[in-house]
Amino acid sequence: MNNKTLTLLKPDDWHLHVRSGEALKSVIGASARQMGRAIIMPNLNPPVTNSMQANAYRDEILSALPAKSELTPLMVLYLTDTTTPEIITQAHSADVVAAKLYPAGATTNSTRGVTDIQNIYTVLEAMQKIGMPLLVHGEVTRSEVDIFDREAVFIDEVLSQVVQDFPELKIVFEHITTKNAVEFVYESSKQIAATITPQHLLNNRNDMLVGGIKPHTYCLPVLKRAEHQYALIEAATSGNAKFFLGTDSAPHAKHDKESACGCAGVFSAPHAIELYAQAFDQAGAIDKLEGFASKFGADFYTLPHNTSTLTLIKQDWVVPKRYEFANGIIVPFMAGQTLNWTLV
């Protein structure tokens, strides 16, 4: 590495949405260009709730990948109130790497999610026994809880109890957005880790709301105050192996984002590593990027590091204002803005 060039072990994306059908075909190449492996979110419609569906979805992704792609999709099961320990055991035997907790109603396609954490306690016990990680969308969904407080309340009401009741269960607290979450992960055992998105490192709620609502910056969990953004930057750039890359890149067509009820999700896959490089460089910690992007996630999942590399150069470029997407277009995160690092 010098001041203008940075070579990294190929990174992995530990939280990625790629949809299915034509949408999948139009976005999967963006991640394949940058990532070695990707944890694939299961919130399709209908969701991926058993090993047969997970295998079919894996096959669809592999068929959609560009020729000579190195991307390995890692499949995840969607937990519901009716998931059983037997379903988990079968999925584990079919190389499903984790299971995902969506509190019902928390985000896109989460209506079939878990309505009460007690409903899946036998499932969590089975996961702890076989060593399958639990991936958590950490928000409560009660209408009386302010949307900016939902992550903090989830920690107090749900996650703290789960960690206490299942001390050996590996948990990834996904796309954390608050100082509260950072402190919780720091203070918890080595079984608890977290992913951090580029939008939560580079933006806070002012970027979404000041001067008019920016629908292509709207995601869930929603962007928070600057003080929480700073806590996330500090955690990501700390060199602490509990924090690693997970883009939560979530493609939605432009007309769906700009509709009367615009959907949540930020599309960052085409320039994900450049976005993280921007955030780390601004924090004076570009030397910490490889651990965060290429090592710590693999270590948590007990997988080998990738052996191939990619190279970034410090050179300004402008993010395209749109990409083709299925039968329409998609607007990427930070569209039309200048980034300082570009992938060779």
Side-chain angles (χ1 to χ4, degrees), residues 6 8 10-18 27 30-39 41 107 137 151 172-178 181-182 193-208 214-224 226 228-238 243-252 257 264-286 288-294 296-297 310 312 314 316-320 323 330-343:
L6 177 65
L8 308 170
K10 180 165 278 194
D12 299 304
D13 191 342
W14 300 102
H15 186 122
L16 179 65
H17 299 266
V18 294
V27 300
S31 294
R33 178 171 172 260
Q34 299 198 345
M35 302 296 170
R37 290 166 290 214
I39 287 278
M41 289 295 106
T107 189
H137 181 112
E151 184 172 280
V172 180
F173 195 170
E174 296 192 309
H175 45 49
I176 60 171
T177 67
T178 59
V182 169
T195 57
I196 304 178
T197 76
Q199 63 265 29
H200 290 102
L201 293 175
L202 290 167
N203 281 181
N204 58 60
R205 66 188 190 179
N206 276 2
D207 298 290
M208 180 178 64
K214 318 297 192 305
H216 300 286
T217 308
Y218 171 56
C219 58
L220 289 172
V222 71
L223 297 168
K224 305 299 196 298
H228 296 293
Q229 178 191 10
Y230 300 151
L232 296 173
I233 293 169
E234 184 177 353
T237 62
S238 66
F243 303 97
F244 43 84
L245 185 156
T247 63
D248 194 20
S249 180
H252 294 282
K257 292 289 287 179
V266 167
F267 182 54
S268 60
H271 50 307
I273 195 62
E274 293 99 324
L275 291 166
Y276 284 110
Q278 182 99 350
F280 275 65
D281 197 18
Q282 289 175 354
I286 196 70
K288 298 292 199 301
L289 179 59
E290 185 176 55
F292 175 86
S294 311
F296 300 156
L310 56 74
L312 296 159
K314 196 163 190 180
D316 289 355
W317 66 287
V318 177
V319 178
Y323 291 97
I330 188 169
V331 178
F333 180 53
M334 297 187 72
Q337 298 187 47
T338 299
L339 298 182
N340 304 131
W341 289 87
T342 185
L343 181 63

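The shown structure was predicted, so the numbers you read here are calculated from the model rather than taken from an experiment.
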Under 3.5 Å, is there a donor-acceptor pair between the side chain of Glu151 and the main chain of Thr177? yes
Is a side-chain donor or acceptor of Trp317 paired with a backbone partner of Asn340 at a separation under 3.5 angstrom? no
Tell me, with the steps shown, if Tyr276 and Thr247 meet side-chain contact (heavy atoms from CB on, under 4.5 Å). CA-CA 9 Å; Tyr276 284 110; Thr247 63; 4.0 Å; yes
Taking all non-hydrogen atoms of both residues, which atom of Ile196 and which atom of Ala235 are closest, and how far apart? CD1-CB, 4.4 Å
Residues Thr197 and Asp248: closest non-hydrogen pair is CG2-CB, 3.7 Å
As an exercise, state the distance from OG1 of Thr342 to CG of Leu312, rounded to the nearest 0.5 Å. 7.5 Å
Separation of Lys10 NZ from Arg33 CZ (nearest 0.5 Å): 10.5 Å
Show the nearest heavy-atom pair for residues Met35 and Asp13, with the distance to one decimal. SD-N, 3.7 Å
Say you draw a straight line from NE2 of His17 to CZ of Phe267; how long is it, rounded to the nearest 0.5 Å? 12.5 Å
Dump the intermediate steps for side-chain contact (heavy atoms from CB on, under 4.5 Å) on Val331 and Phe333, then the final yes or no. CA-CA 7 Å; Val331 178; Phe333 180 53; over 6 Å; no
CG-CD1 distance between Leu310 and Ile273, expressed to the nearest 0.5 angstrom: 6.0 Å
Closest non-hydrogen contact found for Ile233 with Leu201 is CD1-O, 3.5 Å
Verdict with reasoning, Leu339 to Met334, per side-chain contact (heavy atoms from CB on, under 4.5 Å): CA-CA 9 Å; Leu339 298 182; Met334 297 187 72; 4.1 Å; yes
Under 3.5 Å: donor-acceptor pair, side chain of Asp281, backbone of Ile286: no
Using the rule given for ring-ring contact (aromatic ring centres under 6.0 Å, His included), can you reason through His137 versus His175, listing the C-alpha separation, both sets of side-chain angles and the distance that settles it, and then say yes or no? CA-CA 8 Å; His137 181 112; His175 45 49; 4.8 Å; yes
Derivation of the side chain to side chain donor-acceptor pair (under 3.5 Å) call for Thr178 and Lys224: CA-CA 7 Å; Thr178 59; Lys224 305 299 196 298; over 6 Å; no
I need the minimum non-hydrogen distance between Ala236 and Phe280, along with the two atoms involved. O-CZ, 3.3 Å
Is the count of non-hydrogen atoms from other residues, nucleotides or ligands lying under 6.0 Å from Tyr230 atom OH greater than 12? no
For Leu6, is there any backbone N or O sitting under 3.5 Å from a side-chain donor or acceptor partner on Lys314? no
Rounded distance [0.5 Å steps], CH2 in Trp14 versus CD1 in Ile39: 6.0 Å
Spatial distance of atom NE2 (His200) from atom CZ (Arg205) [nearest 0.5 Å]: 12.5 Å
Would you sort out whether Phe243 and Ile176 count as a side-chain contact (heavy atoms from CB on, under 4.5 Å), showing the intermediate values? CA-CA 10 Å; Phe243 303 97; Ile176 60 171; 3.9 Å; yes
Aromatic centroids of His216 and His252 separated by under 6.0 Å: no
Positive for side-chain contact (heavy atoms from CB on, under 4.5 Å) with Ser268, one of Pro198, Pro332, Ser31: Pro198
Closest non-hydrogen contact found for Met208 with Leu223 is CB-CD1, 4.0 Å
